[in-house]
Amino acid sequence: MPELPEVETIARILRPECTGRKITSVQVLWGRTLEGISPEQFAASISGQVIRGVTRRAKYLDMELTGFHLFVHLRMSGDLQVKSPKYRPEKHDRLIFNMDDDRYLVFNDTRKFGRVWMTANPESVIGRLGPEPLDSEFTPQMLYVQLKKRHRLIKPLLLDQTFLAGLGNIYTDEALHLSKVHPLRISDTISLIEAERLHAAIRTVLQTGIEHNGASIDWVYRGGEFQNYFRVYGREGQPCSVCGALIQKITVGQRGTHFCPICQEQSYEL
DNA sequence: AGGGAAACCCGAACGC
DNA sequence: TGCGTTCGGGTTTCCC
């Protein structure tokens with residue numbers, strides 16, 4: 001499930017493969033992948049565009065083109081890979097870009113949730129996103145202040161991409177457990193100490209994810225390594241690695257939420 | 001303002 | 001075995 005670390009890994013893999021390549025044509029195998037543009041218009045405007053660079057913003061892959069940005073959000077099951085000239089389309093391929101070295105950039109997405117935007121104005125796609133959790137501007141103090149301004153359950157707030165950009169369900173549960181914050185805590189009751197722990201935990205889980213995905217070349221939707229290090233996610237009924245209590249699973253804001261009832265006390269902690 | 005529900009999808013897991 | 005049902009995941013949109 002591509003979250004921030006997986007997108008970061010893809011960007012790192014694609015950057016040397018695609019930078020400087022010209023897109024000569026594109027096959028649109030599933031039109032609804034494209035946001036705000038018809039397949040015909042898309043094909044017409046992308047042909048001849050040169051890929052200037054590949055970066056990441058939150059969970060969006062950002063390909064800078066000659067006159068546009070191509071943003072790709074992989075959502076649940078998306079995958080983006082460079083294929084050799086002899087590649088033939090496979091099941092669930094949605095977009096196939098032909099590059100000027102005769103290789104292909106293939107967007108495959110089993111569940112059809114992934115989306116692609118082509119725009120001259122990046123703000124129209126990523127303008128509402130909150131701070132980047134791994135940036136130096138994102139400080140413990142800033143997190144504390146922002147939490148104080150809101151009155152929301154901490155779990156859904158951390159998942160809100162306009163509050164903080166990049167955490168998905170898995171990393172949120174992991175970060176809450178690592179920082180010993182209960183998922184049902186109300187944001188403006190979180191102390192400075194707790195906010196500092198949460199800040200550190202968010203960075204730790206994301207960085208750990210990046211390291212483990214980076215360590216395995218073909219992780220994308222074929223099983224990465226980070227799953228072997230889950231502290232709570234998917235471990236309902238199994239013992240907490242810290243205290244031995246059984247991990248519980250509840251629903252918070254319509255999302256499956258895993259936590260340790262002992263480590264993550266619900267009471268206020270100074 | 002915040003929260004709940006529905007919608008978009010399909011493969012895996014589950015129940016019988 | 002084979003069938004039908006449920007679930008989950010990220011995000012947006014609508015409604016209370």
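Here is how names work: the chains are called A, B, and so on, in the same order as the sequence lines, proteins then strands, and each is numbered from 1.
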- Using five base pairs at each end, measure the axis-to-axis angle across the helix from B:dG2-C:dC16 to B:dC16-C:dG2 and round it to 10 degrees. 60°
Atom-to-atom span, [atom1] of [X] to [atom2] of [N] - whole angstrom:
X        : N      : atom1 : atom2 : result
A:Asn108 : B:dC9  : CG    : P     : 16 Å
A:Leu157 : B:dG4  : CG    : C1'   : 17 Å
A:Glu236 : B:dC14 : CD    : P     : 12 Å
A:Leu158 : C:dT11 : CG    : P     : 13 Å
A:Met76  : C:dT11 : CE    : P     : 9 Å
A:Ile170 : C:dT11 : CD1   : P     : 12 Å
A:Asp188 : B:dA1  : CG    : P     : 15 Å
A:Arg111 : C:dG8  : CZ    : P     : 12 Å

Hey, what do you get for [atom1] ([X]) to [atom2] ([Y]), rounding to the nearest 0.5 Å?
X        : Y        : atom1 : atom2 : result
A:Gln141 : A:His199 : CD    : NE2   : 10.5 Å
A:Met142 : A:Glu137 : CE    : CD    : 7.5 Å
A:Leu34  : A:Trp117 : CG    : CH2   : 10.5 Å

- Excluding sequence neighbours, so at least two apart, what forms side chain to side chain contact (heavy atoms under 4.5 Å, CB included) with A:Lys149? A:Val145, A:Gln146
- Taking the hydrophobic residues Ile, Leu, Val, Met, Phe, Trp and Tyr, and joining any pair whose side-chain heavy atoms are under 4.5 Å apart, which ones share a cluster with A:Phe259? A:Leu153, A:Leu184, A:Ile186, A:Ile250, A:Val252
- Task: Among Ile, Leu, Val, Met, Phe, Trp and Tyr joined by side-chain contacts under 4.5 Å, find the other residues sharing a cluster with A:Ile247 and list them by chain and number.
- Result: A:Val232
Report all interatomic pairs (protein N or O, nucleotide N or O of nucleotides 14-16 of chain C) with separations under 3.5 Å.
none

- Query: How are the rings of A:Tyr104 and A:Tyr87 set relative to one another: parallel (under 30°), tilted (30 to 60°) or perpendicular (over 60°)?
  - Reply: tilted
Could you please name the option among [options] that lies closest to any side-chain atom of [X]?
X        : options               : value
A:Arg152 : C:dT11, B:dG3, B:dC10 : B:dG3
A:Lys91  : B:dG11, C:dG8, C:dT12 : B:dG11
A:Leu153 : B:dC10, C:dT12, B:dG3 : B:dG3

- Ionic contact status for A:Arg56 with A:Glu132, cut-off 4.0 Å: yes
- Between A:Lys155 and the options A:Thr172, A:Asp160, A:Thr257, the side-chain hydrogen bond (donor to acceptor under 3.5 Å, both in side chains) test singles out A:Thr257
- Message: Checking side chain to side chain contact (heavy atoms under 4.5 Å, CB included) between A:Phe97 and each of A:Val106, A:Val82, A:Ile46, A:Ile51, which is the one that passes?
- Response: A:Ile46
- What is the nucleic acid contact for A:Lys149, judged by heavy atoms within less than 4.0 Å: base, sugar-phosphate only, or nothing? nothing
- Message: Under a plain distance cut-off of 3.5 Å, with no hydrogens placed, do A:Asp109 and A:Ser77 share a side-chain donor-acceptor pair?
- Response: yes
Nucleotide N/O to protein N/O under 3.5 Å, stretch nucleotides 5-8 of chain B:
| from | atom 1 | to | atom 2 | distance (Å) |
| --- | --- | --- | --- | --- |
| B:dA5 | N7 | A:Gln254 | OE1 | 2.6 |
| B:dA5 | N7 | A:Gln254 | NE2 | 3.2 |

- Is the distance from OP1 or OP2 of B:dG11 to the nearest side-chain N or O of A:His92 less than 4.0 Å? yes
- Task: Check the pair A:Asp62, A:His69 against side-chain hydrogen bond (donor to acceptor under 3.5 Å, both in side chains), reporting the backbone distance first and the verdict last.
- Result: CA-CA 7 Å; A:Asp62 178 2; A:His69 281 255; 2.8 Å; yes
